[in-house]
Amino acid sequence: MKLNNFTGCKKLSSILFFSTLSLLYLLLAIRVSSLWPKTSDQASYFLAGLDALRGNWRLKGWVLTPPDFWTSDIPLSATLAAFWYALGHPARSPFLLMVQPAILWTGVVISAFAVVFLRLPDRQSRLGAAALLLPVLAFPLLRAPTAYFITLSAIHIGVLIYGVWAFHWADRFLSSGSWRSLLIMALLLCLGVIGDPLLAITGAGSLLLYAALARELPKKHRFLMAGATLVAVMLAKTLLHLNAATGGFETEPLETRFAPWEQLSSNFFTTFRSILLVYDADPSGQVVSTVLPECLRLALVVLALAGAYRVARTAWASGGRNTPFCSFLVVSALLDFIALAVSNRIALDGSPVAVARYLFPLWLDLACITALVWPTRRMAVSISIAVLAVTLITDYRTLPPYSTGTLSTEDNQLLSRLEKDFPPDGIGTWWSSGNLEVASLGKIHVYPAMIQGNGTIAPFVHIRKHMDWHSLDGKAFFIVIPHPEETFNEAGAIKTFGAPAARVTEGRYTIFLYNADHLPARAS
């Protein structure tokens with residue numbers, strides 16, 4: 001009886017610890033998220049969540065990106081909007097754009113702590129693991145551009161949570177043979193792959209490869225794990241296909257190619273540099289006297305890679321019997337690295353900062369590996385504490401001094417002008433269209449446009465519902481054109497709709513006004 005009471009108290013204290021940690025970190029994440037203007041990617045997925053809340057949960061008429069976030073960002077947006085509305089606030093509140101990514105990243109950080117702590121036997125090991133996790137995962141929120149990427153959401157954050165918990169339950173299945181654990185693993189994989197195909201590589205690929213290589217594991221367990229993984233991926237793909245075939249949302253084609261042979265060496269260096277960027281450990285191009293923080297963080301990268309090597313060597317020597325969870329993480333990180341290095345994503349996205357987001361699964365994998373391999377090594381923990389101290393002291397200064405809301409200062413001025421002097425319907429470039437709509441609480445509807453080969457502009461159907469310019473027939477509308485030009489220019493707008501009734505300048509924007517009796521010259 002006393003033992004049961006002790007166990008119950010221990011579980012309760014763990015729940016209270018994680019609840020308190022989650023709340024404190026969530027408040028920090030919301031604060032940091034509020035400092036960065038949002039993008040139309042996040043705003044448009046938020047609008048999709050609002051449409052799902054209105055009953056269009058299959059998002060009929062929408063065109064989404066290949067990572068559709070149907071099982072992560074979109075339902076979270078709908079849930080937050082419903083909760084916020086129930087409290088008497090507008091469901092379209094821009095504040096929710098700050099809360100949503102903060103919740104997702106808090107989920108990632110708390111998941112990392114949870115899966116690591118569940119595998120460590122005592123308080124000392126857990127304290128060491130916490131010291132190793134904090135500077136790698138928790139406080140990159142204080143760094144730019146990492147903070148900027150994390151607080152935008154819609155960039156593979158949700159898949160991290162699905163992936164790490166799928167590995168957790170796969171590990172439980174291998175140790176216990178529990179059908180419940182296998183079912184939970186398969187369900188998490190299925191939901192994750194539905195929302196983001198990256199998990200088919202970093203998650204399902206890792207489990208399948210491990211099942212094939214872990215020769216000392218019981219064949220029955222290997223077969224069942226591989227079978228459940230394949231079923232989960234096929235079910236996810238089938239559900240997506242059926243949803244689209246029966247009128248649900250469509251996804252843009254994902255044209256992933258192997259990189260040309262002559263680009264492979266460059267790709268591998270760029271991918272490795274992207275690892276340094278997510279760790280904020282890249283001193284290249286900086287003044288020598290200012291790169292102490294980056295050099296210290298290089299030690300965290302070394303610890304991560306050394307830990308991954310140690311896990312791989314142990315797993316290979318034991319035929320897969322030892323540390324299956326860590327082995328899943330190592331294989332996942334390796335697959336993530338190779339998938340980016342040999343694909344054309346680097347050439348398409350351009351800069352290492354942009355492609356670094358594809359390595360977020362690797363980042364989480366390496367962070368958990370480091371915390372599980374080195375929690376009792378004083379040198380490793382001391383290095384990590386030093387990095388944490390330097391991060392808190394120096395990187396806090398890189399944060400913006402104040403929040404301008406979901407829009408930048410100049411876009412706030414633009415929105416004020418549009419709400420005051422222009423009709424509610426308009427056309428804009430992709431970069432500001434969704435932001436303006438959410439920031440106006442839905443009073444302004446801005447559809448993005450893109451220049452065509454013939455010089456006219458057409459609707460840019462990207463994380464949006466299908467539409468054509470005929471929907472503007474009989475309505476007054478505006479066109480917002482930024483300078484320098486983005487997705488279209490003034491000439492394209494005039495060639496498509498003719499001369500405007502009025503032309504206004506607001507900051508770096510030119511605004512055309514078309515009256516209600518004006519018909520588009522070339523409706524798309």
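- Just one residue in the list Leu207, Val233, Ile194 forms a side chain to side chain contact (heavy atoms under 4.5 Å, CB included) with Leu189, and that residue is Leu207.
- Closest heavy-atom contact between Arg464 and Tyr447: CB-OH, 3.4 Å.
- For the residue pair Trp431/Thr39, the side-chain donor-acceptor check at 3.5 Å is not satisfied.
- Residues Val164 and His168 have side chains not in contact (no heavy-atom distance under 4.5 Å, counting atoms from C-beta outward).
- A donor and an acceptor atom, one from each side chain of Asn344 and Arg257, are nowhere located under 3.5 Å apart.
- A 4.5 Å side-chain heavy-atom check between Leu50 and Ser77 finds every atom pair outside the cut-off.
- Taking CG of Leu191 as the reference point, atom CD1 of Ile161 lies at 12.5 Å (rounded to 0.5 Å).
- Among residue pairs with one or both ends in residues 146-172, those qualifying as salt bridge (charged side-chain N to carboxylate O under 4.0 Å, His left out) are Arg119-Asp171; sequence neighbours excluded.
- Taking the six-membered ring wherever Trp is involved, the centroid distance between the rings of Trp105 and Trp363 falls below 6.0 Å.
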Would Ser327 and Val311 count as a side chain to side chain contact (heavy atoms under 4.5 Å, CB included) if you check the C-alpha gap in whole Å, the side-chain angles of each, and the deciding distance to 0.1 Å?
CA-CA 6 Å; Ser327 299; Val311 169; 4.1 Å; yes

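- Sorted by first and then second residue, the pairs that involve residues 224-263 and meet ring pair (Phe, Tyr, Trp, His ring centres under 6.0 Å), not counting sequence neighbours, are Trp70-Phe249.
- For the residue pair Pro67 and His156, the shortest heavy atom distance occurs at CG-CE1, 3.9 Å.
- Within the 4.5 Å cutoff, no side-chain heavy atoms of Asn435 are placed close to those of Thr406.
- For the pair Ala341 and Leu264, the tightest heavy-atom approach, listed with the atom from each and the gap, is O-CD2, 4.0 Å.
- Contact detail for Phe360 and Ile157: the closest heavy-atom pair is CD2-CD1, 3.7 Å.
- With no hydrogens or angles considered, no side-chain donor-acceptor pair links Asn267 and Thr270 at under 3.5 Å.
- The environment of Gln124 atom CD is sparse: at most 12 non-hydrogen atoms of other residues, nucleotides or ligands sit within 6.0 angstrom.
- Taking 4.5 Å as the limit, some side-chain heavy atom of Tyr210 sits within range of a side-chain heavy atom of Leu217.
- Of the inter-residue distances, the one linking Ser274 atom OG with Phe269 atom CZ reads 13.5 Å to the nearest 0.5 angstrom.
- The side chain to side chain donor-acceptor pair (under 3.5 Å) check on His462 picks up Glu252, with sequence neighbours excluded.
- Atoms NZ and CD, on Lys38 and Gln100 in that order, are 9.5 Å from each other to the nearest 0.5 Å.
- In this structure, Asp365 and Ala333 approach most closely via the heavy-atom pair OD2-N, 3.2 Å.
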Could you give me the CA-CA distance, side-chain angles and deciding distance for Ser384 and Leu134, then say whether side chain to side chain contact (heavy atoms under 4.5 Å, CB included) is met?
CA-CA 8 Å; Ser384 189; Leu134 284 173; over 6 Å; no

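- Around CZ of Arg54, the count of heavy atoms belonging to other residues, nucleotides or ligands within 6.0 Å exceeds 12.
- Atoms CZ and CG, on Phe272 and Leu359 in that order, are 11.5 Å from each other to the nearest 0.5 Å.
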Go through Leu59 and Asn243 one step at a time and tell me if the side chain to side chain contact (heavy atoms under 4.5 Å, CB included) criterion holds.
CA-CA 9 Å; Leu59 298 177; Asn243 181 60; over 6 Å; no

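- Heavy-atom minimum distance, Thr391 versus Arg297: OG1-NH2, 3.2 Å.
- You'll find the side chain of Ile346 stays beyond 4.5 Å of the side chain of Gln263, heavy atoms only.
- One finds the OG1 atom of Thr202 at 12.0 Å from the CG atom of Leu334 (value rounded to the nearest 0.5 Å).
- You'll find the side chain of Phe46 stays beyond 4.5 Å of the side chain of Ile74, heavy atoms only.
- Looking at residues two or more places apart in sequence or on another chain, you find a side chain to side chain contact (heavy atoms under 4.5 Å, CB included) between Ala78 and Leu53.
- Aromatic ring orientation, Phe167 versus Phe328: tilted (interplanar angle from 30° to 60°).
- Taking Tyr358 as the reference, Arg345, Asp349 meet the side chain to side chain donor-acceptor pair (under 3.5 Å) condition, with sequence neighbours excluded.
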Chi angles and distances behind the ring pair (Phe, Tyr, Trp, His ring centres under 6.0 Å) call for Trp84, Phe95
CA-CA 10 Å; Trp84 206 235; Phe95 174 67; 5.4 Å; yes

For a side chain to side chain contact (heavy atoms under 4.5 Å, CB included) check, start with the C-alpha distance between Leu276 and Leu298, then their side-chain angles and the critical distance, and finish with the verdict.
CA-CA 7 Å; Leu276 301 183; Leu298 276 173; 3.8 Å; yes

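- Partners of Thr65 under the side chain to side chain donor-acceptor pair (under 3.5 Å) rule, at least two apart in sequence or in another chain, are Tyr45.
- Separation of atoms CD1 (Ile30) and OG1 (Thr106) is listed at 7.5 Å; rounding is to 0.5 Å.
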